[in-house]
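Report on the structure given below.
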Amino acid sequence: MRQHLRTVIVLLVAGGLLALFLRNTDMRDVGAEIARARLDLVVLALAVTGLTYVLRALRWQYLLAPIGRVRLSVALKTTIIGFAATALLPARAGEFLRPYLLARKEGLSATATFATVIVERLLDTITVVMLFTSYLLVFDPGVGAADAATFRQVKLGGALAAVFCLVLLV
């Protein structure tokens, strides 16, 4: 009975949030925009999004290996739940919910599981800095033509940030 009550509460909250979100929406306009959408691009976006969740779950499973064995299905489910909660709840609550749910389901330490999320965020930050730096150093965004001296400083800052991130990574 408790499980059914929880399901009803979740459905009511979801329905309430959906109604709140759509309260000032012209549904005819929404329908017209959906009709104009390119189905191939929508399917591609859904496939890529699904793949990113699988890759994140695999990465998390790898980070969790020293703590204990985690099934991919559990890592994937909790990853999806965490990202959904982050999108819907304030204060990035999904970042706390995800490790809590996984630790509870797999019998791991919640603190150690949460630490892997911090490591994930560090890896994400390093990746973003490295991508930004490679963009600055390899591609010409055209900013240099407007103010070459400032752009050289930005490139230098990006390179120094990349070096710092590589040292941090090692």
Looking at every non-hydrogen atom in both residues, tell me the closest pair between [X] and [Y] and how far apart they are.
| X | Y | value |
| --- | --- | --- |
| Ile67 | Ala112 | CD1-O, 3.4 Å |
| Gly94 | Pro99 | O-CD, 4.4 Å |
| Leu131 | Ser134 | O-OG, 2.8 Å |
| Ala162 | Val129 | N-CG1, 4.1 Å |
| Lys155 | Leu136 | CE-O, 3.0 Å |

Going by side-chain contact (heavy atoms from CB on, under 4.5 Å), Leu101 matches just one of Thr79, Thr113, Thr78. Which one?
Thr78
From the list Leu11, Ile9, Val10, side-chain contact (heavy atoms from CB on, under 4.5 Å) partner of Thr7 resolves to Leu11
Do [X] and [Y] share a hydrophobic cluster, counting only Ile, Leu, Val, Met, Phe, Trp and Tyr and linking them when any side-chain heavy atoms are less than 4.5 Å apart?
| X | Y | answer |
| --- | --- | --- |
| Leu76 | Val74 | no |
| Val13 | Leu5 | yes |
| Leu55 | Val119 | no |
| Tyr53 | Leu58 | yes |
| Met130 | Leu169 | yes |

If we only count heavy atoms from C-beta on, is the Gln61 to Arg56 side-chain gap below 4.5 Å?
no
Side-chain heavy-atom pair Arg69, Glu106 within 4.5 angstrom cut-off:
no
Between [atom1] on residue [X] and [atom2] on residue [Y], distance to nearest 0.5 Å:
| X | Y | atom1 | atom2 | result |
| --- | --- | --- | --- | --- |
| Ile34 | Leu39 | CD1 | CG | 12.0 Å |
| Glu120 | Leu63 | CD | CG | 6.0 Å |
| Leu102 | Leu108 | CG | CG | 6.0 Å |
| Ile118 | Leu123 | CD1 | CG | 12.0 Å |
| Leu122 | Ile126 | CG | CD1 | 6.0 Å |
| Leu22 | Leu17 | CG | CG | 11.0 Å |

Evaluate side chain to side chain contact (heavy atoms under 4.5 Å, CB included) for Lys105 paired with Lys77, printing each intermediate quantity in order.
CA-CA 11 Å; Lys105 184 77 173 175; Lys77 285 177 189 174; over 6 Å; no
In this structure, are over 12 heavy atoms from other groups packed under 6.0 Å from Arg104 atom CZ?
no
Sub-3.5 Å donor-acceptor pair from the side chain of Arg23 to the main-chain atoms of Leu20, do we have one?
yes
Output yes when a side-chain donor or acceptor of Thr133 lies under 3.5 Å from a complementary backbone atom of Gly158, and no otherwise.
yes
Consider ring-ring contact (aromatic ring centres under 6.0 Å, His included). Of Phe96, Trp60, Tyr100, which one does Phe114 pass it with?
Phe96
Test salt bridge (charged side-chain N to carboxylate O under 4.0 Å, His left out) on Glu33 and Arg28; report intermediate values, then the result.
CA-CA 9 Å; Glu33 291 301 324; Arg28 276 180 266 153; over 6 Å; no
Walk me through whether Asp124 and Arg59 qualify under salt bridge (charged side-chain N to carboxylate O under 4.0 Å, His left out).
CA-CA 11 Å; Asp124 288 347; Arg59 176 181 69 175; 2.7 Å; yes
